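These notes concern the structure reproduced below.
For the numbers below, each heavy atom of this structure counts, side chains included, while hydrogens, waters and symmetry mates do not. Residue numbers start from 1 in every chain, and the chains themselves are labelled A, B, ... in the order their sequence lines are given, proteins ahead of strands. Bear in mind that the values here come from a model prediction, so they are computed numbers and not experimental data.
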Protein chains: 2
Amino acid sequence: MDIATYLKEHNIKPSYSRIRILDYMMTHKNHPTVDMIYGNLVKEMPTLSKTTVYNTMELFLNSGVVKLISIDEKEKRYDADISTHGHFRCDNCGRIVDLYFDGPLPMPKAHEDLEIREIQYYAKGLCKHCK
Amino acid sequence: MDIATYLKEHNIKPSYSRIRILDYMMTHKNHPTVDMIYGNLVKEMPTLSKTTVYNTMELFLNSGVVKLISIDEKEKRYDADISTHGHFRCDNCGRIVDLYFDGPLPMPKAHEDLEIREIQYYAKGLCKHCK
DNA sequence: TTCAAATTTGTAATGATTACAAATTTATAA
DNA sequence: TTATAAATTTGTAATCATTACAAATTTGAA
């Protein structure tokens with residue numbers, strides 16, 4: 001589907017910056033940091049500001065267009081794939097890959113006193129290339 | 001078991017600060033931040049430095065005495081319960097509670113190309129008091 | 001007791017993120 | 001089109017948890 005249409009469906013005005021940022025995320029699927037997005041796009045958008053990327057990620061987050069990945073304690077990462085899945089980060093090269101489960105994401109023992117709205121599943125270790 | 005003995009078993013010299021810090025964590029079981037530990041202990045240890053708490057947590061982490069909890073994007077939290085379990089954080093009051101599963105922590109679909117060393121399971125939402 | 005090693009401490013630096021106001025762009029109405 | 005308001009973008013400064021680092025203190029062995 002068209003990126004501008006997708007943004008409009010989430011009640012976001014599809015400005016040029018927003019389209020390019022979401023396009024970057026959907027094309028690369030690399031769970032990028034703000035720095036990665038900015039560093040890549042500024043080559044073709046010389047007036048782009050890092051603050052705009054921060055603002056846009058916050059907007060995307062609140063609109064449900066992206067999900068936050070806190071697998072790295074240093075920098076926030078974002079995922080435009082909002083389907084329920086987990087993530088693995090290689091302790092050596094830092095690359096992040098998706099993790100899927102047989103069936104829905106596993107739920108903890110019944111906690112009828114908790115209203116769970118979001119689940120994050122992170123695994124860490126060594127990837128194929130680094131082990 | 002005695003805290004000093006426990007530290008020695010992990011090849012850590014049981015200095016007074018280290019004993020008090022680990023004692024705080026085991027007594028409170030509140031998944032504290034460095035600030036929480038410091039703020040509580042400094043009342044009875046006026047010369048305690050926040051840097052010491054940071055140093056000690058790093059030491060504990062590398063020695064396997066505590067585990068890092070990255071459920072909060074702002075501050076690191078630590079858990080002296082090193083058994084495999086998940087965590088839930090209330091979006092409203094910030095309290096963190098333990099999550100357990102029927103059986104071992106669920107594993108993702110076979111990724112024979114990944115060497116998984118650690119798994120973190122985080123859930124967020126509203127706790128009993130806040131929902 | 002003496003000296004070296006380990007631990008603790010305080011201050012300064014780092015770096016990702018946020019605050020904020022000015023500048024620019026876009027949309028709306030006359 | 002033109003004027004005006006609203007939304008977006010931008011740059012700079014502030015924030016704040018964490019780290020770096022060297023000096024001070026404590027500990028332990030000879």
Side-chain angles (χ1 to χ4, degrees), chain A residues 3-4 7-8 10-24 31-63 65-79 89 94 96, chain B residues 3-4 7-8 10-24 31-63 65-79 89 94 96:
Chain A
I3 291 187
L7 284 173
K8 275 185 237 161
H10 287 81
N11 302 311
I12 294 175
K13 197 187 293 183
S15 75
Y16 184 64
S17 305
R18 291 166 182 172
I19 291 175
R20 288 301 301 270
I21 289 174
L22 185 53
D23 178 52
Y24 171 86
H31 317 90
T33 64
V34 162
D35 251 33
M36 289 164 71
I37 299 169
Y38 173 77
N40 187 284
L41 290 183
V42 76
K43 297 177 201 162
E44 297 179 350
M45 302 167 66
T47 70
L48 181 65
S49 159
K50 200 176 283 188
T51 301
T52 297
V53 183
Y54 274 109
N55 290 342
T56 303
M57 297 321 292
E58 190 62 22
L59 176 68
F60 284 0
L61 212 47
N62 294 331
S63 309
V65 170
V66 302
K67 279 189 176 175
L68 179 64
I69 305 179
S70 330
I71 200 171
D72 187 318
E73 305 86 36
K74 201 99 185 176
E75 285 176 288
K76 289 180 182 172
R77 287 170 169 274
Y78 301 91
D79 196 345
R89 189 204 57 191
I96 293 180
Chain B
I3 291 186
L7 284 173
K8 276 186 237 159
H10 287 80
N11 301 311
I12 294 175
K13 198 186 292 184
S15 74
Y16 184 64
S17 304
R18 289 167 183 171
I19 291 174
R20 289 300 302 269
I21 290 174
L22 185 53
D23 178 52
Y24 171 87
H31 318 90
T33 64
V34 162
D35 251 34
M36 290 164 71
I37 300 169
Y38 174 78
N40 189 282
L41 291 182
V42 77
K43 297 178 201 161
E44 298 179 350
M45 302 167 64
T47 69
L48 181 65
S49 159
K50 201 176 280 186
T51 302
T52 297
V53 183
Y54 275 109
N55 290 343
T56 304
M57 297 322 290
E58 189 62 21
L59 176 68
F60 285 179
L61 212 47
N62 293 330
S63 309
V65 170
V66 303
K67 278 189 176 175
L68 178 66
I69 306 178
S70 329
I71 200 171
D72 187 317
E73 305 86 35
K74 203 102 184 172
E75 285 175 287
K76 291 180 181 172
R77 288 171 168 273
Y78 301 90
D79 196 345
R89 189 204 59 193
I96 294 180

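- Atom CD of E58(B) is separated from atom P of dC21(D) by 15 Å (rounded to the nearest Å).
- Atom CG of L59(B) sits about 10.0 Å away from atom CG of N11(B), to the nearest 0.5 Å.
- We find that CG of D35(A) is positioned 15 Å from C1' of dT18(C), with the value rounded to whole Å.
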Extract from the structure each pairing of a protein N or O with an N or O of nucleotides 23-30 of chain D at less than 3.5 Å, listing the distance.
none

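- L68(A) approaches L61(A) most closely through the heavy-atom pair N-CD1, 3.5 Å.
- At least one side-chain nitrogen or oxygen of S15(A) sits closer than 4.0 Å to the OP1 or OP2 atom of dT9(D).
- R89(B) and G94(B) get closest at one heavy-atom pair: CG-O, 3.6 Å.
- In this entry the distance linking CG of L41(B) with P of dT8(C) reads 13 Å, nearest Å.
- In terms of heavy atoms, I19(A) sits closest to P14(A) at CD1-O, 3.4 Å.
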Polar atoms only, N or O, under 3.5 Å: list the protein pairs with nucleotides 10-12 of chain D and their distances.
from	atom 1	to	atom 2	distance (Å)
dT10(D)	OP1	T47(A)	O	2.6
dT10(D)	OP1	T47(A)	OG1	3.1
dT10(D)	OP2	S49(A)	N	3.2
dT10(D)	OP2	T52(A)	OG1	2.6
dT10(D)	O5'	T47(A)	O	3.2
dG11(D)	N7	T51(A)	OG1	3.4
dG11(D)	O6	T51(A)	OG1	3.4
dT12(D)	O4	T51(A)	OG1	3.4

Could you pull out all donor-acceptor pairs under 3.5 Å where a side-chain atom in residues 37-51 of chain A meets a protein atom, sequence neighbours excluded?
from	atom 1	to	atom 2	distance (Å)
E44(A)	OE1	R20(A)	NH2	2.6
S49(A)	OG	T51(A)	N	3.0
K50(A)	NZ	D35(A)	OD1	2.8

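- To the nearest angstrom, C1' of dT9(D) lies 11 Å from CD1 of I21(A).
- Looking at residues two or more places apart in sequence or on another chain, you find a side-chain contact (heavy atoms from CB on, under 4.5 Å) between S15(B) and S17(B), R18(B).
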The dot-bracket string of DNA chain C, counting Watson-Crick and G-U wobble pairs with both distances under 3.5 Å, using [ ] for crossing pairs and | for pairs to another strand, is ||||||||||||||||||||||||||||||

Under 3.5 Å, which protein N or O atoms sit close to an N or O of nucleotides 13-15 of chain C? Give each pair with its distance.
none

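- Applying the side chain to side chain donor-acceptor pair (under 3.5 Å) test to Y78(B) and every residue at least two apart in sequence or in another chain returns nothing.
- Two residues, R77(B) and I12(A), neighbour DNA chain D, and the one matched to the more 5' nucleotide by heavy-atom proximity is I12(A).
- Here Y54(B) pairs with nothing under the ring pair (Phe, Tyr, Trp, His ring centres under 6.0 Å) rule; sequence neighbours left out.
- Residues that satisfy the side chain to side chain donor-acceptor pair (under 3.5 Å) test with D23(A), not counting sequence neighbours, are T27(A).
- The phosphate of dT17(C) (OP1 or OP2) has a side-chain N or O of Y54(A) nearer than 4.0 angstrom.
- M57(A) has its CE atom 14 Å from the C1' atom of dT17(C), to the nearest Å.
- In this structure, I3(A) CD1 and K8(A) NZ are separated by 12.5 Å, a value rounded to the nearest 0.5 Å.
- Between I19(A) atom CD1 and dT26(C) atom C1' there is a gap of 14 Å when expressed in whole angstrom units.
- Atom pair E75(B):CD and dT19(D):C1' shows a separation of 16 Å (rounding to whole Å applied).
- The salt bridge (charged side-chain N to carboxylate O under 4.0 Å, His left out) test applied to R77(B) returns no partner, not counting sequence neighbours.
- One can place CG of D72(B) at 9 Å from P of dT18(D), the figure rounded to the nearest angstrom.
- For the atom pair OG of S70(B) and CD of E73(A), the computed distance is 4.5 Å after rounding to the nearest 0.5 Å.
- Scanning all heavy atoms of the two residues, the minimum distance from D72(A) to K74(A) falls at OD1-N, 2.6 Å.
- Interatomic distance, D79(B) CG to I71(B) CD1, rounded to the nearest 0.5 Å: 11.0 Å.
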